[in-house]
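The structure under discussion appears below in the form of structure tokens.
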Amino acid sequence: GHGLRVQLQLPLTLSVLRALLVEVAGEPYAFPLTQITRALKLQPESIETLESRQHFNFHGQRVGLLAAHQVFDCGDPKPPGSDLPVIVLGNRDARYGLVVDRLLGERELVVQPLDARLGKVKDISAAALMEDGIPVLIVDVDDMVRSIEKLLSEGLFPQVQHDSLEVTDRKRKRVLAV
């Protein structure tokens, strides 16, 4: 005559995303695999400069090269090794190479929408938790391409060099959400 009643509530809409994890300024970021053209290691000697803009040849097309630190407006990059880790973003008409600190690998992430009270966060679409509980921001690639085009239209031509990545000196920003 005794029993146990268990009630489980499961989300009906669970979005799983395959993403490439990268490190920028010591923080992980996730780029949806469906929105990146390629991830590669770029040799410094393949970087060319034309009209103050750096680019490299990718399948016969000139691809502009930028530092992720400048786009995300975060701290100084660490000095690169012999090859630069680059993510190629955009479409055939507007394609850019984004230099990151490290490529961390591919993962499946459960997408968690950002709280509506935050409003639209520049270049970010959502968040996720990795297996070890570390939060990771999921990049809105279309918004990031617009941010890159805005930087370039304002005449800001960030230079990516083999010896050092040049970006403006900024302090690292952190937000604690409780």
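This chain uses plain numbering: 1 for the first residue, then up along the sequence.
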Would you say [X] and [Y] make side-chain contact, with heavy atoms under 4.5 Å?
{"X": "Phe58", "Y": "Arg38", "result": "yes"}
{"X": "Asp142", "Y": "Ser125", "result": "no"}
{"X": "Leu89", "Y": "Arg95", "result": "no"}
{"X": "Ile124", "Y": "Asp140", "result": "no"}
{"X": "Val100", "Y": "Glu23", "result": "no"}

Exercise for review: From the options Val22, Val71, Val86, select the one residue that forms a side chain to side chain contact (heavy atoms under 4.5 Å, CB included) with Leu98.
Suggested key: Val71
Are [Y] and [X] linked, directly or through intermediate hydrophobic residues, by side-chain heavy-atom contacts shorter than 4.5 Å (ILVMFWY only)?
{"X": "Met144", "Y": "Ile36", "value": "yes"}
{"X": "Val139", "Y": "Val24", "value": "yes"}
{"X": "Ile148", "Y": "Leu20", "value": "yes"}
{"X": "Leu42", "Y": "Val88", "value": "yes"}
{"X": "Ile134", "Y": "Leu21", "value": "yes"}

Applying side-chain hydrogen bond (donor to acceptor under 3.5 Å, both in side chains), can you list everything that pairs with [X], at least two apart in sequence or on another chain?
{"X": "Asp132", "result": "none"}
{"X": "Glu149", "result": "none"}
{"X": "Thr37", "result": "none"}
{"X": "Glu48", "result": "His55"}

Give, for atom [atom1] of [X] and atom [atom2] of [Y], the distance between the pair rounded to the nearest 0.5 Å.
{"X": "Ser15", "Y": "Ile138", "atom1": "OG", "atom2": "CD1", "value": "8.0 Å"}
{"X": "Leu84", "Y": "Lys41", "atom1": "CG", "atom2": "NZ", "value": "9.0 Å"}
{"X": "Asp123", "Y": "Leu137", "atom1": "CG", "atom2": "CG", "value": "11.0 Å"}
{"X": "Asp83", "Y": "Leu40", "atom1": "CG", "atom2": "CG", "value": "10.0 Å"}

Practice item. Name all residues meeting the side chain to side chain contact (heavy atoms under 4.5 Å, CB included) criterion together with Leu129; count only those two or more places apart in sequence or in a different chain, and write none if there are none. Key: Pro135
Check your understanding: What residues form a side chain to side chain contact (heavy atoms under 4.5 Å, CB included) with Asn57, not counting sequence neighbours?
Key -> none
Point to revise | Set of salt bridge (charged side-chain N to carboxylate O under 4.0 Å, His left out) partners for Asp143, sequence neighbours left out | key: Lys120, Arg146
Exercise for review: Please name all residues satisfying salt bridge (charged side-chain N to carboxylate O under 4.0 Å, His left out) with Lys122, sequence neighbours left out, ordered by chain then number.
Suggested key: none
Which atoms form the tightest heavy-atom contact between [X] and [Y], and what is the distance?
{"X": "Met130", "Y": "Val136", "result": "CG-CG1, 4.1 Å"}
{"X": "Val141", "Y": "Gln35", "result": "CG1-O, 3.6 Å"}
{"X": "Ala126", "Y": "Pro113", "result": "CB-CA, 4.4 Å"}

Practice item. Among residues two or more places apart or on two chains, list those pairs meeting ring pair (Phe, Tyr, Trp, His ring centres under 6.0 Å) that have a residue in residues 16-46. Key: Tyr29-Phe72
Review point. How does the hydrophobic cluster around Val6 look, that is, which other residues are in it when side-chain heavy atoms under 4.5 Å mark a link?
Key: Leu4, Leu8
For residues 103-111, dump all side-chain donor-acceptor pairs below 3.5 Å to protein atoms at least two apart in sequence or in another chain.
unit_1	atom_1	unit_2	atom_2	d
Glu106	OE2	Arg18	NE	3.2
Glu106	OE2	Arg18	NH2	2.2
Glu108	OE2	Arg18	NH1	3.3

